[in-house]
Amino acid sequence: MGVGSDSDYLDKNMSAHAAHLDDVILDDTPTCLEDAKNSLYWQQWKKALAEERSALEKSGVWTPVDSLPPGAKLLRAKVVYKQKKNKDCQVYHFKCRCTAKGFSQVELVHYYDTLAAVAAGSSRHSPM
């Protein structure tokens, strides 16, 4: 291999790596509502927020209120924004999830059961 071919190899791979870095840098996923409002994709984020709110209301998890009952404290939450991409890294869906800040929840006040995903006994495999 001559010096020219090593240089060509490096140039080709470095430019591919740089193109990948551009994809990461240009990712416009917001971290808060203000970022979403200032995003080029505000209309898509707005629709995703409406879908999440509708899903929470439909499942009975979230109900808007005018004021809190006496002695009640507001449970803080955070919205997580996610751009769903296909195998070609093209965005095909904007998704929002409202998550309660777990450290502010009190057992038997905000929740009664703790659920965790576990493997079923029939799905365990062990070497013979």
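What's counted below: heavy atoms across the whole structure, side chains too, no hydrogens, waters or symmetry copies. Computed from a prediction, not measured in an experiment: that's the story for all the values here.
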Close side-chain approach of K82 to R97, heavy-atom, < 4.5 Å: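 SC-SC contact between K82 and R97 ruled out.
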
To the nearest 0.5 Å, what is the distance between [atom1] on [X] and [atom2] on [Y]?
X   : Y   : atom1 : atom2 : answer
D35 : W45 : CG    : CH2   : 11.0 Å
K95 : Q83 : NZ    : CD    : 13.5 Å
K46 : K37 : NZ    : NZ    : 9.0 Å
K78 : C98 : NZ    : SG    : 10.5 Å
E52 : T99 : CD    : OG1   : 9.0 Å

Could you see if [X] belongs to whatever hydrophobic cluster contains [Y]? Use Ile, Leu, Val, Met, Phe, Trp, Tyr and a side-chain cutoff under 4.5 Å.
X   : Y   : value
V79 : Y41 : yes
L56 : L33 : no
F94 : V80 : no

Heavy atoms of other groups near D66 CG, more than 12 under 6.0 Å: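 Incorrect, the count does not exceed 12.
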
For a quick test of reading the model, state the closest non-hydrogen atom pair linking A36 to Y81 and the distance between them.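 For A36 and Y81, the tightest heavy-atom pair comes out as CB-CE2, 4.0 Å.
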
Sub-3.5 Å donor-acceptor pair from the side chain of N86 to the main-chain atoms of D88, do we have one?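 Yes, N86 side chain to D88 backbone: donor-acceptor pair under 3.5 Å.
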
